[in-house]
There are 2 protein chains.
Amino acid sequence: MDTIRKPPTMADVARRTGVSPMTVSRAFKRDSSVSQETREAVLLAAEELGYVFDSTASNLRSQRTDFIAVTIPSINNANFADTVRALSDRVSERGLQILLGYTNYDVAEEERLIEQLLRRKPEAMVVTGGKHTPRARKLLANAGIPVIETWDLPEEPIGHVVGFSNALAVREMVNHFVSVGYRKIAFIGGDASRDTRGTDRRAGFIAALIHHGLDTSRLIAAGPPPISMREGANAMGQLLERFPDTDAVICVSDLSAFGALTECQRRGIAVPDRIAIGGFGDYEIGAICVPSLTTINAFASEIGAKTAELILDVLDGKLDQPGRVTIRPDLILRQTSR
Amino acid sequence: MDTIRKPPTMADVARRTGVSPMTVSRAFKRDSSVSQETREAVLLAAEELGYVFDSTASNLRSQRTDFIAVTIPSINNANFADTVRALSDRVSERGLQILLGYTNYDVAEEERLIEQLLRRKPEAMVVTGGKHTPRARKLLANAGIPVIETWDLPEEPIGHVVGFSNALAVREMVNHFVSVGYRKIAFIGGDASRDTRGTDRRAGFIAALIHHGLDTSRLIAAGPPPISMREGANAMGQLLERFPDTDAVICVSDLSAFGALTECQRRGIAVPDRIAIGGFGDYEIGAICVPSLTTINAFASEIGAKTAELILDVLDGKLDQPGRVTIRPDLILRQTSR
DNA sequence: TACGCCATTGTTATCGATAACAACACCACT
DNA sequence: AGTGGTGTTGTTATCGATAACAATGGCGTA
């Protein structure tokens with residue numbers, strides 16, 4: 001009859017191998033000083049016993065968890081997913097694991113999430129964006145671990161930064177649109193208060209129009225983030241009714257831009273001949289759809305990779321002052337605009 | 001001058017509040033027996049000291065981590081992201097946190113990942129798919145925690161199952177296509193050995209064609225997974241050259257189906273008049289694109305929600321035998337087919 | 001031969017919260 | 001007054017791995 005037995009510990013493996021627990025512990029580390037022979041014997045005994053290494057005990061004693069905590073606004077967004085993937089790929093080579101949480105584009109939720117993640121004692125904390133509640137800032141600043149803000153260039157960074165200026169990127173698109181002759185340019189984005197990157201992009205849009213002396217009233221608020229394809233399509237419908245003479249529209253992301261494009265297709269409106277469309281983020285869909293989307297490549301994967309490098313450098317003690325990596329977004333001209 | 005001081009512990013908070021560490025511990029739990037007065041005093045002292053609860057110690061002593069480990073093939077896939085989000089939303093209400101890893105559609109990588117995740121002592125383990133290496137199966141079976149296989153209906157489940165038959169779902173689409181008159185039907189999917197759900201879908205496709213006495217040679221292998229828009233477009237190009245008289249094509253996902261659609265648009269081939277297209281997964285893009293995509297809704301979010309409910313039931317001791325939740329995918333007819 | 005270095009292994013105390021048990025005060029009810 | 005229950009707090013030992021230090025044996029070199 002099977003009795004419910006407790007799972008084996010290192011002590012059990014040690015007994016079976018005829019060594020001390022400490023030797024078992026060393027055998028499970030990569031580069032520690034155990035003879036090849038002993039290590040193999042230990043690992044064999046462990047496999048036979050069905051031993052599974054217990055990180056919780058290791059974490060407490062060694063005061064290391066090998067977690068990298070990451071917050072992103074949404075798990076369903078290909079841009080953020082790309083960043084996380086690049087980050088994860090890079091740090092997992094070093095045995096570090098991503099601990100992921102999403103904020104739903106809400107700074108209050110972000111605060112809760114940050115507090116929860118910090119309890120797990122991660123080695124570093126990566127947050128998306130540079131706007132946080134005062135308490136979240138305080139928690140991060142006092143956590144005693146490297147903090148990296150991404151996808152933004154905050155004026156007063158908490159620690160390290162790997163990002164770009166959302167406002168500047170959109171401004172460059174506007175400059176291009178104006179240079180090729182568009183004058184009645186609209187913006188489709190989310191409600192102002194929530195998605196801070198979206199708000200920055202809209203601010204850059206308005207600033208650029210003012211700079212060119214153009215009308216800034218063509219702003220369509222597509223609801224609370226995330227603004228995806230459906231919201232983009234609806235917003236384009238509103239735009240066409242409220243400002244029928246619009247000759248170009250810039251959308252907060254490629255997803256909404258694609259939605260807007262399809263709405264034009266449904267209404268038989270020629271893109272780009274009657275209205276041009278610009279997106280943001282260089283999602284796969286923008287390169288594939290017909291006509292393909294003019295957009296801005298923000299180098300999502302590169303943000304993740306650079307963040308990983310920065311974290312590894314800090315953990316290795318190679319960097320003792322806050323790092324600031326600035327990404328330069330790229331305007332990609334395709335078929336939805338001149 | 002600031003000396004580097006160690007972060008405060010419960011003992012520090014206890015001293016400051018004038019109570020025992022145990023009382024502090026209770027104050028940080030939700031429903032434990034501390035007076036409202038004491039709790040507030042403790043939390044105030046904690047806040048003043050900048051105390052952050054240390055999960056690593058709690059995890060070891062209580063033998064609970066409140067982690068739910070989850071493996072998905074790719075973090076960049078909206079279907080799996082939907083499942084994880086629904087799962088996460090449900091379990092986080094109960095203080096459980098998702099520990100996510102991705103396998104890159106590779107069972108060997110899955111094995112490594114499962115081993116790594118089990119070391120963290122999760123309360124339950126959710127895996128995507130029902131095909132695993134023998135060692136992975138053994139690790140899961142011996143882990144002593146609830147195991148839930150999803151997005152599949154394995155013949156010999158390890159533990160619980162929340163899924164559907166990929167083969168059957170595609171078979172139903174084929175049946176519909178045949179019933180409305182399509183006869184030369186092709187399939188676009190990934191290379192056979194990798195993505196097991198994709199392979200199941202192709203198997204269902206072939207079985208259905210055989211049942212109807214139709215030609216089964218129109219199979220396009222679009223490379224190793226993930227098969228996304230670009231691969232779908234390339235595969236459609238191949239299909240049109242190798243089997244120009246094809247009258248319908250079923251794609252392994254909506255992403256590849258959309259890519260295929262755009263290739264037709266680039267070549268001026270009428271959809272669905274000259275060739276019909278079917279997708280899989282009911283991604284947002286399929287509902288928005290023009291023409292909209294005929295597809296199969298596999299209820300990704302529902303899989304996550306049902307998985308969460310199952311986990312909570314098991315952890316509450318309300319379920320002592322393996323659960324098997326079968327999802328019934330839905331054929332959604334839209335504009336890319338009759 | 002003697003010395004010291006290196007590789008390998010062992011011993012002891014500890015990381016910080018909490019399970020299990022004990023104790024105390026206070027109140028209601030008989 | 002005595003009894004029992006409830007709500008609140010305290011005490012002690014412990015979860016399982018490992019940091020820090022110690023010890024051993026083998027080998028090369030002077």
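Please read all numbers here as calculations on a predicted model, not as lab measurements. Residue numbering restarts at 1 for every chain, and letters A, B, ... go by the order of the sequence lines.
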- Message: Five pairs per end, C1' atoms only: what is the angle between the end axes of the helix from dT1(C)-dA30(D) to dT30(C)-dA1(D), to 10 degrees?
- Response: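 Comparing the axis at each end, I get an angle of 30°.
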Atom-to-atom span, [atom1] of [X] to [atom2] of [N] - whole angstrom:
{"X": "Asn59(B)", "N": "dG16(D)", "atom1": "CG", "atom2": "P", "result": "13 Å"}
{"X": "Met10(B)", "N": "dA19(C)", "atom1": "CE", "atom2": "C1'", "result": "13 Å"}
{"X": "Lys29(B)", "N": "dT8(D)", "atom1": "NZ", "atom2": "P", "result": "18 Å"}
{"X": "Arg64(A)", "N": "dC15(C)", "atom1": "CZ", "atom2": "P", "result": "18 Å"}
{"X": "Glu37(B)", "N": "dC26(C)", "atom1": "CD", "atom2": "P", "result": "13 Å"}
{"X": "Leu60(B)", "N": "dA19(C)", "atom1": "CG", "atom2": "P", "result": "12 Å"}
{"X": "Phe28(B)", "N": "dA17(C)", "atom1": "CZ", "atom2": "C1'", "result": "12 Å"}
{"X": "Asp12(A)", "N": "dG16(D)", "atom1": "CG", "atom2": "P", "result": "9 Å"}

- Using salt bridge (charged side-chain N to carboxylate O under 4.0 Å, His left out) as the criterion, list what pairs up with Arg15(B), not counting sequence neighbours.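 Partners of Arg15(B) under the salt bridge (charged side-chain N to carboxylate O under 4.0 Å, His left out) test: Asp12(B).
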- Query: Which residues satisfy the salt bridge (charged side-chain N to carboxylate O under 4.0 Å, His left out) test with Arg94(A), sequence neighbours excluded?
  - Reply: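 Arg94(A) satisfies salt bridge (charged side-chain N to carboxylate O under 4.0 Å, His left out) with Asp316(A) once adjacent residues are dropped.
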- Item | Closest-nucleotide ordering on DNA chain D, the 5'-leading residue of Ser35(B) and Thr56(A) |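 Taking each residue's closest nucleotide, the earlier one in sequence belongs to Ser35(B).
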- For atom NZ of Lys306(B), decide whether the heavy atoms of other residues, nucleotides or ligands shown that lie under 6.0 angstrom number more than 12.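 It does not: Lys306(B) NZ has 12 such atoms or fewer within range.
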- Message: A quick test of your reading: do over 12 heavy atoms of other residues, nucleotides or ligands sit less than 6.0 Å from CZ of Arg120(A)?
- Response: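 Buried by this count: over 12 neighbours within 6.0 Å.
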Is any NZ, NE, NH1 or NH2 atom of the basic residue among [X] and [Y] found under 4.0 Å from an Asp or Glu carboxylate oxygen of the other?
{"X": "Arg90(A)", "Y": "Glu93(A)", "answer": "yes"}
{"X": "Glu109(A)", "Y": "Arg112(A)", "answer": "yes"}
{"X": "Glu115(B)", "Y": "Arg135(B)", "answer": "yes"}
{"X": "Glu309(A)", "Y": "Lys318(A)", "answer": "no"}

Every protein N/O within reach of nucleotides 25-28 of chain D N/O, cut-off under 3.5 Å:
none

Counting only side-chain N and O atoms of [X], is one of them less than 4.0 Å from OP1 or OP2 of [N]?
{"X": "Gln63(A)", "N": "dA19(D)", "value": "no"}
{"X": "Tyr51(A)", "N": "dG16(D)", "value": "no"}
{"X": "Ser58(A)", "N": "dT18(D)", "value": "yes"}
{"X": "Gln36(A)", "N": "dT8(C)", "value": "no"}

- Could you tell me which non-hydrogen atom of Thr56(A) sits nearest to which non-hydrogen atom of Asp54(A), and how far apart they are?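 What the structure gives for the nearest pair is OG1-OD1, 2.5 Å.
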Between the protein and nucleotides 10-14 of chain C, list the N/O to N/O atom pairs that are separated by less than 3.5 angstrom.
unit_1, atom_1, unit_2, atom_2, d
dG10(C), OP2, Ser20(A), N, 2.9
dG10(C), OP2, Ser20(A), OG, 3.0
dG10(C), OP2, Thr23(A), OG1, 2.6
dG10(C), N7, Arg26(A), NH2, 2.6
dG10(C), O6, Arg26(A), NH1, 3.4
dG10(C), O6, Arg26(A), NH2, 3.2
dT14(C), O2, Arg61(A), NE, 3.4
dT14(C), O2, Arg61(A), NH1, 2.9

Have a look at [X] and say if it touches a base, only the backbone sugar-phosphate, or nothing, with a 4.0 Å heavy-atom cut-off.
{"X": "Ser33(B)", "result": "base"}
{"X": "Phe53(A)", "result": "sugar-phosphate"}
{"X": "Thr38(B)", "result": "sugar-phosphate"}

- Query: Parallel, tilted or perpendicular for Phe53(B) and Phe28(B), by the 30°/60° rule?
  - Reply: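 Plane angle between 30° and 60°, so tilted.
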- Query: Considering only dG16(D), dT8(D), dT9(C), which nucleotide approaches the side chain of Val34(A) most closely?
  - Reply: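 Nucleotide nearest to Val34(A)'s side chain: dT9(C).
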- Residue pairs passing the ring pair (Phe, Tyr, Trp, His ring centres under 6.0 Å) test where at least one lies in residues 101-159 of chain A, sequence neighbours excluded: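 Non-adjacent pairs meeting ring pair (Phe, Tyr, Trp, His ring centres under 6.0 Å): Phe80(A)-Trp151(A), Trp151(A)-Phe164(A).
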- Message: I'd like to know if the side chain of Thr128(B) reaches the main chain of Thr150(B), judged simply by a donor and an acceptor atom lying under 3.5 Å from each other, with no hydrogens or angles considered.
- Response: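 Looks like no, no N/O pair under 3.5 Å.
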